[in-house]
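Order of the sequence lines sets the chain letters (A, B, ...), proteins ahead of strands, with each chain counted from 1. Below, each value reflects all heavy atoms present in this structure, side chains not excepted, and no hydrogens, waters or symmetry copies.
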Amino acid sequence: MIRTSDLIEALVTDARPVRRLRAPVQRAALWLLLPALIFGLLALGHGVRPDLAQRLGQPDFIVGTAASMLTGVLAALASLMLNLPDRSRHWALLPVPALLVWMATLGHGCLVNWVDIGPDGVQLDETARCFGTVLMTSLPLALAMFAMLRRGSLLSAGTVALTGSLAVAAMSATAMSIFHSLDATVMILVWNLGTAALIVAMGSWLGHR
Amino acid sequence: MSNTRDRIPTLRLVPHAEWGALHAQGEDERSVDAPAAVREVDWSILMARAQVGEREAYRRLLDEITPYLRSLAVNSHRDPNDVEDTVQDVLLTVHAIRHTYDPARPFGPWLVAIAHRRIVDRLRRQGRARQHETPLEPEHETLAATGANYPETSVDSTAVRTAVERLPPGQREAIKLMKLQEMSLRQASAASGMSIAALKVATHRGLKTLRKLLTGSSTEA
């Protein structure tokens with residue numbers, strides 16, 4: 001075992017100047033620029049869903065979309081807060097109320113839709129474009145989020161990964177509800193949170209070695 | 001989700017030795033009435049300087065937090081090696097994520113959160129290791145059968161020898177030659193003048209008598 005005084009010497013020798021992490025709110029704002037950008041690009045390139053004006057008249061659509069967007073914002077903030085060692089673990093609960101509201105507006109309608117879509121209910125090109133949107137939002141958002149989280153502390157990696165993925169999933173779902181008539185929320189959630197759960201499970205499994 | 005934050009102890013005063021060093025550095029005005037708070041402010045300043053690459057400040061910070069970390073680790077680990085390993089884990093983590101410290105916030109909670117995490121990590125790792133290990137203790141150094149663990153009763157040679165002496169002469173001779181001196185039948189026959197058949201019978205009877213004399217079936221020389 002190396003002596004502690006030797007270790008300190010080694011660390012001091014290695015003490016290059018470091019760039020301090022920005023405040024979590026600033027980092028969250030920075031990350032949120034990306035979904036804003038993607039939404040803008042999608043609106044230009046793809047156009048909003050044809051029935052958006054009509055849907056905006058429906059309170060459950062407005063509440064659901066607002067709640068999913070709010071979930072994304074709060075989950076991103078929570079994740080970046082947990083990314084610092086000295087912040088309370090309770091930050092993980094921040095997105096929960098918005099998430100509950102969002103889930104409540106989904107109700108069973110989305111499940112019924114999901115079943116309705118079935119094997120032949122939807123044309124292939126619509127589904128393909130829809131997957132494209134999910135990929136276009138999820139992938140860059142997830143990559144950006146994890147790149148940012150890696151900069152911070154991963155002392156509580158599990159909660160950080162879960163809240164981070166929730167933020168990505170919520171933003172992707174928001175994009176879906178604005179740009180597609182197809183309700184893929186459940187798929188997006190399962191996809192993103194499933195990946196996060198897999199990463200966490202693998203981490204703890206490897207940690208057990 | 002863990003609520004480790006709730007159990008984090010408040011930053012405590014680390015006694016004497018480092019205290020002198022703290023005074024010697026004469027860095028800014030500090031009140032002796034609130035040493036823990038002063039110490040924390042000091043550490044905060046030292047870390048802020050370390051973040052911009054001041055090696056001296058960093059060395060002093062690490063030197064000063066080490067005894068404090070050791071005092072935290074001692075609460076959870078008994079083995080001095082574990083304590084030192086934990087301290088080194090924490091120092092390495094502090095080094096790796098020193099950019100996450102915000103000098104506008106108190107240094108104590110930041111450090112204690114890292115220390116706590118590392119202490120818990122090591123305890124968990126030990127717990128897992130212990131599940132796969134059986135400690136070698138004095139009772140494991142003997143055999144499972146109880147008889148094997150009492151050599152004084154199983155090989156009580158004096159008892160055997162006195163029993164042999166109490167045998168009838170023919171049997172005694174046969175046992176001595178055949179069993180104690182481990183001669184072959186032919187050698188024993190030549191040495192004693194007894195026929196091979198007589199030797200066989202005498203040995204057989206001798207063993208039987210011995211068994212009776214020693215009141216146990218386990219002792220056979």
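- Atom CZ of B:R70 is surrounded by more than 12 heavy atoms from other residues, nucleotides or ligands within 6.0 Å.
- A:I2 touches chain B through backbone and side chain together, each having a heavy atom under 4.5 Å away.
- A:T13 touches chain B through its backbone: at least one of N, CA, C or O sits under 4.5 Å from a heavy atom, while the side chain does not.
- Residues B:K176 and B:E182 are not paired through a salt bridge, judged by the lack of any N-O separation under 4.0 Å between the basic side chain and the carboxylate.
- Interface check for chain A: of the options B:D85, B:V87, B:D102, the most heavy-atom pairs under 4.5 Å are formed by B:D85.
- For A:L155, the parts sitting under 4.5 Å from any heavy atom of chain B are the backbone and the side chain alike.
- For A:R3 and B:E84, the salt-bridge test fails: no basic side-chain N is under 4.0 Å from an acidic carboxylate O.
- In terms of heavy-atom pairs under 4.5 angstrom with chain B, the leader among A:L11, A:L7, A:I8, A:L82 is A:L11.
- Heavy atoms closer than 4.5 Å to chain A are found nowhere in B:A57, neither backbone nor side chain.
- Both the backbone and the side chain of A:R20 come within contact range of chain B, judged by heavy atoms closer than 4.5 Å.
- A salt bridge between B:R49 and B:E56 is absent, with no side-chain N of the basic residue lying under 4.0 Å from a carboxylate O of the acidic one.
- Looking only at distances, no side-chain donor or acceptor of B:W110 sits under 3.5 Å from a matching main-chain atom of B:S44.
- Looking at B:T66, the atoms closer than 4.5 Å to chain A (heavy atoms on both sides) all sit in the side chain, from C-beta outward.
- Ring-plane geometry between B:W43 and B:Y68 is classed as tilted, the angle between the planes lying from 30 to 60 degrees on a 0 to 90 degree scale.
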